[in-house]
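Only this structure's heavy atoms are used, side chains among them; waters, hydrogens and symmetry mates stay out. Just so it is clear, the structure is predicted and the values come from calculations on it, not from any experiment.
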Amino acid sequence: MLDVFTGELIPTSVAICDGRIAGLGEYRAREVEELRGAIVLPGLIDAHVHVESSMVPPAEMARAIVPRGTTTIVADPHEIANVLGLGGVRWMLDDAAGAPLEMVVMAPSCVPATPLATSGASLGAAELAVLACDPRVRGLAEVMSFPAVIAGEAEVLAKIAVFAGRPIDGHAPGLSGAGLAAYVAAGPRSDHECTTVAEGREKLRQGLVVF
């Protein structure tokens with residue numbers, strides 16, 4: 001077994017009861033599966049992915065990634081939402097329901113991505129409030145319009161307010177100083193846009209989780 005806390009490879013048996021690890025070592029069991037030297041390790045989690053970019057639906061993506069160790073994805077379906085709105089997000093959720101993959105969905109925060117975009121749908125705070133009531137939606141996806149957040153624009157702050165107390169992902173490339181402090185104060189708790197060590201360190205100091 002790979003112990004991801006200590007980095008050790010431990011030769012052991014793993015006891016499982018009701019789908020949970022009950023202990024390591026020798027146990028009496030109703031059923032024994034011999035792994036013949038294989039390594040047991042936790043499933044991998046992809047913390048930020050746009051399933052639509054793969055050009056396949058969630059169930060088909062599961063066929064490609066689950067056998068390679070990824071058991072959970074945190075998905076932002078903003079691409080299908082830009083085309084089909086709430087109906088597209090619900091279709092993605094329904095397609096993933098029967099897949100051997102846990103798809104944690106975050107509500108798309110920026111549909112369209114900018115006011116200059118031509119899109120098939122628009123999701124405001126009212127539409128996001130509808131998604132927030134769906135137990136399959138866990139939080140707010142990457143808040144890409146960081147200039148609007150810093151400027152205190154009412155619509156984007158209303159979207160963030162809908163998900164107060166729940167995970168809110170950030171997206172703030174190159175942001176630093178007072179602008180970064182204002183962005184973090186508004187609610188985002190992560191960032192996946194760092195391109196330098198200094199940027200990553202500053203964002204860590206502001207309390208963001210850096211992917």
Side-chain angles (χ1 to χ4, degrees), residues 4-5 42 44-53 70 72-82 85-86 88-89 92-93 102-119 121-211:
V4 295
F5 297 109
L44 304 176
I45 300 172
D46 189 332
H48 179 75
V49 65
H50 302 286
V51 175
E52 308 94 308
S53 295
T70 298
T72 303
I73 59 174
V74 182
D76 172 6
H78 80 77
E79 293 169 357
I80 198 167
N82 265 291
L86 291 178
V89 176
M92 293 282 281
L93 287 161
E102 182 175 3
M103 185 173 78
V104 175
V105 170
M106 306 292 277
S109 68
C110 298
V111 178
T114 89
L116 302 176
T118 300
S119 67
S122 177
L123 299 185
E127 288 78 17
L128 292 182
V130 173
L131 283 179
C133 293
D134 190 319
R136 299 172 296 178
V137 177
R138 307 290 182 85
L140 187 64
E142 54 178 329
V143 183
M144 295 183 286
S145 52
F146 65 89
V149 174
I150 295 168
E153 291 186 11
E155 177 62 19
V156 70
L157 295 182
K159 293 177 180 181
I160 291 172
V162 168
F163 288 90
R166 295 166 70 175
I168 298 172
D169 286 338
H171 171 114
L175 191 60
S176 65
L180 176 60
Y183 184 73
V184 173
R189 289 292 172 261
S190 67
D191 184 83
H192 58 272
E193 295 293 333
C194 298
T195 55
T196 68
V197 171
E199 182 181 357
R201 185 176 292 120
E202 183 179 4
K203 287 177 175 174
L204 288 171
R205 287 172 177 166
Q206 287 282 358
L208 291 176
V209 173
V210 173
F211 299 161

(message) Can you confirm whether E79 sits close enough to S53 that some side-chain heavy atom of one is under 4.5 Å from a side-chain heavy atom of the other?
(response) yes

(message) Using 0.5 Å steps for rounding, measure from the CG atom of L175 to the CZ atom of F146.
(response) 5.5 Å

(request) May I ask you to decide if P147's main-chain N or O and Y183's side chain share a donor-acceptor pair within less than 3.5 Å? (result) no

Can you list, pair by pair, the side-chain donor-acceptor contacts under 3.5 Å of residues 122-133, counting residues two or more places apart and other chains?
| from | atom 1 | to | atom 2 | distance (Å) |
| --- | --- | --- | --- | --- |
| E127 | OE1 | G124 | N | 2.7 |

(message) I'd like to check the side chain to side chain contact (heavy atoms under 4.5 Å, CB included) partners of S190; sequence neighbours left out, ordered by chain and number.
(response) D169, V209, F211

(message) List the residues meeting side chain to side chain contact (heavy atoms under 4.5 Å, CB included) with I45, not counting sequence neighbours, and say none if there are none.
(response) T72, V74

(message) Does any part of the side chain of V105, heavy atoms only, come nearer than 4.5 Å to the side chain of P77, both counted from C-beta?
(response) yes

(message) Nearest 0.5 angstrom please: L208 CG to D191 CG, how far?
(response) 6.0 Å

(request) Working to the nearest 0.5 Å, report the span between NZ of K203 and SG of C194. (result) 4.0 Å

(request) Report the distance from atom CE of M92 to atom CG of D76, rounding to the nearest 0.5 Å. (result) 9.5 Å

(request) Could I get the full list of salt bridge (charged side-chain N to carboxylate O under 4.0 Å, His left out) partners for E193, not counting sequence neighbours? (result) none

(message) Is the shortest side-chain heavy-atom distance between L180 and I150 below 4.5 Å?
(response) no

(request) Determine the minimum heavy-atom distance between S145 and V156, stating which atoms define it. (result) OG-CG2, 3.5 Å

(request) For A121 and A81, work out which heavy atoms get closest and say how close. (result) CB-O, 3.4 Å

(request) Mind listing the closest non-hydrogen atom pair of V51 and I73 along with its distance? (result) CG2-CD1, 3.7 Å

(request) Apply side chain to side chain contact (heavy atoms under 4.5 Å, CB included) to V197 and list each qualifying residue two or more places apart in sequence or on a separate chain. (result) R201

(message) Tell me which pairs pass salt bridge (Lys or Arg N to Asp or Glu O under 4.0 Å) where either residue lies in residues 138-161, with sequence neighbours left out.
(response) E102-R138

(message) What's the separation between atom CZ in R136 and atom CE in M103, rounded to the nearest 0.5 Å?
(response) 8.5 Å

(request) Evaluate the side-chain proximity of M144 to S109: yes if any heavy-atom separation is below 4.5 Å, no if none is. (result) no

(request) Using modelled atom types only, decide if a donor and an acceptor are shared between the side chain of E202 and the backbone of A198 within a distance under 3.5 Å. (result) no

(request) State the CZ-CD distance between R189 and Q206, to the nearest 0.5 angstrom. (result) 10.5 Å

(message) Between T196 (side chain only) and E199 (backbone N and O only), is there a donor and an acceptor less than 3.5 Å apart?
(response) yes

(request) Could you tell me whether the side chain of L140 reaches within less than 4.5 Å of the side chain of I160, counting heavy atoms only? (result) yes

